[in-house]
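As structure tokens, the structure follows; a few thoughts come after it.
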Amino acid sequence: MPCFKQPKHFQSLILLHWPLSYLALFWIVQPLFIYLLFTSLWLLPALYFAWLFLDWKTPEQGGRRSTWVRNWYVWTQIRDYFPITILKTKDLSPEHNYLMGVHPHGLLTFGAFCNFCTEATGFSKIFPGITPHLATLSWFFKIPLIRDYLMAKGVCSVSQPAIDYLLSHGTGNLVGIVVGGVGEALQSVPNATTLILQKRKGFVRTALQHGAHLVPTFTFGETEVYEQVLFEKDSWMYKFQSCFRRLFGFYCCVFYGRGFSRGSAGLLPYALPITTVVGEPLPVPKIEKPSQEMVDKYHTLYMEALHKLFDQHKTLLGCSKTQKLLFL
């Protein structure tokens, strides 16, 4: 049974990291800004929309991170609730750029968020000279205020121009991509170690084009903190989830964790340890137009490195000795 911890204000804190909350804010903030244009406060939204127009390309040009936001006290509360930790296996040299594969997606990607979008686990001290960026859905950066909040944490758009910019301007940049994407969210059930990776090769091609070293990571415990209700593919609920994904870019998953009282169900995640293991970087040559054979070669090397990383740490971090890492 998951251990019981006092949730404090955690249920409100997870809203800061929940895609559906961003969607809700879109439908609230957008009409509010338009309404204010027809009131005595019209200057406020007018100035913001003018700023938005001038600042529109910033998410694809390195963003605008804030040390202050990344050090908010609330992130340490999230860290301590589980707790969340990061484990370094090798140093990352500031003389190179890196493309990091983030596995698995999980439901809310607590591990990657806390370790790479905040300083709660001390990323800057563990990897000095490295600037982390975690890529997420591009349309989040079209939402007023949300875009500024995400950029402040060092989050970037998962679009090709945004990633190309970070990997071609200076060194010491680390761009994390959740390779399995939203499709992997439906694989997020306890005791599951199945990744959507077999045919996901675009990130390897991008790494080759920039000579960015590939970094495998695996977050142990990410799929354990929630139970998910899975639906048959011919059910109306599964069809609704698929339709929702086509419209908004992510699945509307039905999941539950614990409530505020012992033994009750709710939206709080189970307080179980989450550890992100950052593997040894895989050196990659810079090839402007890599062949498919070259992409396949380094994709295979990456999968082997990820598999090795998982096997080396699985028994120490909650998985059984017989647990296998599967690629779809």
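The structure presented is a predicted model; accordingly, all values stated were derived computationally and were not measured.
Remark: Ile34 CD1 to Leu37 CG distance equals 7.5 Å, nearest 0.5 Å. Taken from CD1 in Ile274 to CD1 in Ile84, the straight-line distance is 4.5 Å, to the nearest 0.5 Å. To the nearest 0.5 Å, atom CD1 of residue Ile130 and atom OG of residue Ser124 are 10.0 Å apart. Glu60 contributes atom CD, which lies 10.5 Å from atom CG of Leu166 (distance to the nearest 0.5 angstrom). Rounding to the nearest 0.5 Å gives a distance of 12.0 Å between OH of Tyr98 and CG of Leu167. Here the straight-line distance linking atom CZ of Phe218 with atom NE2 of His313 works out to 12.0 Å at 0.5 Å rounding.
No side-chain donor-acceptor contact under 3.5 Å links Thr121 to the backbone of Thr85. Judged by distance alone, with hydrogens and angles left aside, the side-chain atoms of His299 form no donor-acceptor pair with the main-chain N or O of Lys199 at under 3.5 Å. In this structure, the side chain of Ser235 engages the main chain of Tyr238 through a donor-acceptor pair within 3.5 Å. Checked by atom type and distance alone, the side chain of Glu184 never pairs as donor or acceptor with a backbone atom of Pro104 at under 3.5 Å. The closest donor-acceptor contact from the side chain of Lys88 to the backbone of Ile126 lies under 3.5 Å. A donor-acceptor pair under 3.5 Å is absent between the side-chain atoms of Thr109 and the main chain of Gly106, judged by distance alone. Not one N or O on the side chain of Arg258 forms a donor-acceptor pair closer than 3.5 Å with the backbone of Ala271.
Contact check for Pro285 versus Tyr298: side-chain heavy atoms found under the 4.5 Å cut-off. Using a 4.5 Å heavy-atom threshold, the side chains of Phe110 and Thr219 count as separate. Residues Asp55 and Arg64 meet the side-chain proximity criterion, which asks for heavy atoms closer than 4.5 Å. Counting only heavy atoms from C-beta outward, the side chains of Arg65 and Thr131 approach each other to under 4.5 Å. Residues Tyr81 and Ile78 form no side-chain contact, since every pair of their non-hydrogen atoms from C-beta on lies 4.5 Å or further apart. Counting only heavy atoms from C-beta outward, the side chains of Leu52 and Arg147 approach each other to under 4.5 Å. Between Phe220 and Leu316 there is no side-chain heavy-atom pair separated by less than 4.5 Å. Looking at heavy atoms from C-beta onward, Gln292 lies in side-chain contact with Arg205 at the 4.5 angstrom threshold.
Within 6.0 Å of CZ in Phe49 there are more than 12 heavy atoms belonging to other residues, nucleotides or ligands. Summarising the local packing, CD of Glu232 is surrounded by 12 or fewer heavy atoms from other residues, nucleotides or ligands at distances under 6.0 Å.
Between Ser157 and Ser138, the shortest heavy-atom contact is OG-OG, 2.8 Å. Nearest approach of Thr118 to Ala120, heavy atoms of both residues: OG1-N, 3.1 Å. Nearest approach of Pro290 to Gln209, heavy atoms of both residues: CD-CG, 3.8 Å. Scanning both residues, Val155 and Cys117, for their nearest heavy atoms gives CG2-SG, 3.7 Å. The nearest pair of heavy atoms linking Lys314 to Gln323 is NZ-O, 2.8 Å. Counting all heavy atoms, side chain and backbone alike, Tyr270 lies closest to Tyr226 at CD1-N, 4.3 Å.
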Inset, instruction - Take Lys324 and Phe310, measure what side chain to side chain contact (heavy atoms under 4.5 Å, CB included) needs, and give me the verdict at the end. - result: CA-CA 9 Å; Lys324 302 293 184 182; Phe310 175 81; over 6 Å; no
Inset, instruction - Dump the intermediate steps for side chain to side chain contact (heavy atoms under 4.5 Å, CB included) on Ile86 and Phe127, then the final yes or no. - result: CA-CA 11 Å; Ile86 186 170; Phe127 296 101; 4.0 Å; yes
Legend entry - side chain to side chain contact (heavy atoms under 4.5 Å, CB included) evaluation trace for Thr136 with Phe141: CA-CA 9 Å; Thr136 191; Phe141 295 92; 3.8 Å; yes
Inset, instruction - Could you give me the CA-CA distance, side-chain angles and deciding distance for Phe240 and Phe231, then say whether ring pair (Phe, Tyr, Trp, His ring centres under 6.0 Å) is met? - result: CA-CA 10 Å; Phe240 169 77; Phe231 301 95; 9.6 Å; no
Inset, instruction - Decide yes or no on side chain to side chain contact (heavy atoms under 4.5 Å, CB included) for His210 and Asn97, but give the supporting numbers first. - result: CA-CA 8 Å; His210 293 278; Asn97 284 326; over 6 Å; no
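There is no path of hydrophobic side-chain contacts, each under 4.5 Å, that joins Val178 to Leu214. By the rule that hydrophobic residues join a cluster once side-chain heavy atoms approach within less than 4.5 Å of another member, Leu282 and Leu325 end up as members of one cluster. Both Leu108 and Leu268 are assigned to one and the same hydrophobic cluster, defined by single-linkage of ILVMFWY side chains at heavy-atom distances under 4.5 Å. Linking ILVMFWY residues whenever their side-chain heavy atoms come closer than 4.5 Å, directly or via other members, leaves Leu36 and Leu47 in distinct clusters. Taking hydrophobic clusters as Ile, Leu, Val, Met, Phe, Trp and Tyr residues chained together by side-chain heavy-atom distances below 4.5 Å, Met151 shares a cluster with Leu137.
Ring geometry for Tyr302 versus His103: interplanar angle of 30 to 60°, hence tilted.
Among the candidates Leu174, Asn173, Ile177, the single residue satisfying the side-chain contact (heavy atoms from CB on, under 4.5 Å) test with Leu99 is Ile177.
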